[in-house]
Amino acid sequence: MKLRDDFLVFGAPEVRQEEIDEVVDSMKSGWMGTGPKVARFERDFAAYKGIEPPQAAAVNSCTAALHLSLMALGLEPGSEVITTPMTFCATVNTILHSGLKPVVADVDPNSYNIDPKAVEAAITPRTRAILPVHFAGRPCDMDALMAIADRHKLHVIEDCAHAIETEYHGRHAGTFGDFGCFSFYVTKNVVTGEGGMVMGRDAAGMARVKTLALHGMSKDAWKRFSDSGFKHYQVVEAGYKYNMMDLQAAIGIHQLARVQASWERRAQIWARYQEAFADLPVTRPAADEPDTRHAYHLYTLLIDQAPGVISRDAFLDAMTARKIGVGVHYLSLPEHPYYQQALGWRPGDCPNSLSIGQRTVSLPISPKLTDADVEYVIGMVRSVLLQRH
Ligand SMILES: *Cc1c(COP(=O)(O)O)cnc(C)c1O
């Protein structure tokens, strides 16, 4: 197979003229910061998720969304929060930033999502919350997790960074827990450059999130630069600087309008990969669970660790040499030195997650891919994996 000319960037966003025009409009309007387009993006997102607009607050990242949600719970310092080791480091870092103690519970080997049985086993008298991640866009077993939360009176925050389109038993991801946190980072399913959203089910919690997201200033501070005249604000706690800009929302409004079409394209690519890799020495993603909607954010293969099969890291290099951007989602978090030093975690603490992290590779699945791009990826993956090593 002939080498392509340009590098296929992993997770490259599909940006169209309408996003570009909307950003230019914001630049020309003189309103770049938090303003009417952020308000519209919040309304549009709430409508997409079937919630009321006050239940959604746009912020500048999912990391910020997670931090705000954890702070808004108002937990006693040192309280334990159970989460998955198969996630981005921000999930655990925000627990630490909130003065809380992360505890990892291993994943299910088929879904790669947190295993409710492992959650139950990790509960101690200090446990106050569960922070599940809908990995790759596949919903967690929310019936089991919510039953555990109810039984032990625990809060739930859903990390929905991969799960904008995800549904479980007819309900949107992010609507089960106290809060749902979304990401609009450049590689995610809806993009604003950097950006995030907090969804929350009670008004008091969302008011606290909004206050903390803007320096701890009273709620009306959001309106202090509007055309209705100067308004004094009051600082009611020491907050953060986590607001989204209109420049970012300008991109998100049009990305969100195409969310269904982008999902359909990724679903097509997913199906094509599933059939094309059936005979290779790999484990493909499990079939979707009944009555769920997968967001198809990441397409991951686990490379068999077997004689004659290329190692995972050599496979990553081989793809890069063939001009295909790939990712690793994720090395199990206890493999990282900081968590070992600060929390005493050991890689073997979560064996399923360790094994997945050592074998996994993510292939491009952006809606921007052409059919020719998809067939190129398939051809290269097949030829590299079918060589003897
Ligand atoms: C991307 C991601 C985040 C962080 O999102 P940002 O918007 O980049 O802060 C958190 N959790 C998971 C699972 C992610 O994939």
Side-chain angles (χ1 to χ4, degrees), residues 10-13 38 41 45 56-71 81-98 102 104-105 107 111-114 129-140 156-166 173-174 177 179-199 209 212-213 240-245 247-249 251-252 255-256 266 294-300 326-333 336 339 350 353 356-357 360-362 364-366:
F10 181 82
V38 169
F41 186 50
F45 195 80
V59 290
N60 61 9
S61 70
C62 181
T63 304
L66 289 165
H67 188 200
L68 293 168
S69 301
L70 286 158
M71 294 300 292
V81 179
I82 299 174
T83 192
T84 170
M86 190 43 56
T87 185
F88 187 56
C89 57
T91 313
V92 158
N93 290 347
T94 54
I95 297 173
L96 291 167
H97 292 154
S98 307
V104 277
V107 297
S111 68
Y112 315 161
N113 274 326
I114 197 165
I130 312 174
L131 206 173
V133 177
H134 302 292
F135 180 82
R138 181 187 302 275
C140 292
V156 174
I157 295 174
E158 299 171 69
D159 181 334
C160 298
H162 303 174
I164 291 169
E165 305 92 334
T166 300
F179 296 103
C181 301
F182 295 82
S183 176
F184 310 118
Y185 177 65
V186 284
T187 58
K188 301 286 160 74
N189 291 356
V190 167
V191 164
T192 62
E194 298 282 2
M197 188 79 72
V198 184
M199 262 169 44
V209 162
L212 283 171
Y240 306 92
K241 183 67 164 70
Y242 283 164
N243 53 306
M244 178 182 274
M245 301 167 73
L247 279 183
Q248 298 167 308
I251 306 170
Q255 287 269 316
L256 188 59
R266 290 195 315 279
H294 197 303
Y296 303 128
H297 172 58
L298 295 172
Y299 183 84
T300 64
V326 284
V328 171
H329 302 89
Y330 300 91
L331 292 186
S332 179
L333 288 184
H336 293 285
Y339 306 121
C350 296
S353 170
I356 292 164
T360 191
V361 51
S362 303
I365 192 171
S366 157

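Each ligand, and each atom within it, is numbered from 1 in the order the structure gives.
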Option nearest atom 6 (P) of ligand 1 (shortest heavy-atom distance, choices C62, A64, A163):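 When every heavy atom of C62, A64, A163 is considered, C62 comes closest to atom 6 (P) of ligand 1.
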List the closest protein heavy-atom neighbour of [atom]: residue, atom name, distance to the nearest 0.1 Å.
atom                    : value
atom 9 (O) of ligand 1  : T63 OG1, 2.5 Å
atom 15 (O) of ligand 1 : H162 NE2, 2.7 Å
atom 2 (C) of ligand 1  : K188 NZ, 2.7 Å
atom 12 (C) of ligand 1 : A161 CB, 3.4 Å

Side chains of [X] and [Y]: closer than 4.5 Å at any heavy-atom pair?
X    : Y    : answer
L131 : L66  : yes
M199 : F182 : yes
Y330 : C89  : no
F179 : L68  : no

Quick check: [X] and ligand 1, any N/O pair under 3.5 Å apart?
X    : result
Y185 : no
D159 : yes
T87  : no

At less than 4.0 angstrom from any non-hydrogen atom of S61, what atoms of ligand 1 do you find?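 It comes down to these atoms of ligand 1: 7 (O), 9 (O).
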At a 4.0 Å threshold, what atoms of ligand 1 neighbour a non-hydrogen atom of T91?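 Those atoms are 11 (N).
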Are [X] and ligand 1 in contact, using a heavy-atom cut-off of under 4.0 Å?
X    : result
Y330 : yes
G195 : yes
H329 : no

V198 and side-chain contact (heavy atoms from CB on, under 4.5 Å): which partner among L212, V209, I157?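 Only one of L212, V209, I157 forms a side-chain contact (heavy atoms from CB on, under 4.5 Å) with V198, namely V209.
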Trace of the side-chain contact (heavy atoms from CB on, under 4.5 Å) decision for F88 with Y185: CA-CA 13 Å; F88 187 56; Y185 177 65; over 6 Å; no
F45 vs F41 aromatic rings, parallel, tilted or perpendicular, using cut-offs 30° and 60°?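 Rings of F45 and F41: tilted, 30 to 60°.
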Report the C-alpha separation of V133 and I114 in whole Å, then their side-chain angles, then the decisive distance to 0.1 Å, and conclude whether the side-chain contact (heavy atoms from CB on, under 4.5 Å) test is met. CA-CA 7 Å; V133 177; I114 197 165; over 6 Å; no
From the options T187, T166, N189, select the one residue that forms a side chain to side chain donor-acceptor pair (under 3.5 Å) with H297.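 It is N189, the one option of T187, T166, N189 that forms the side chain to side chain donor-acceptor pair (under 3.5 Å) with H297.
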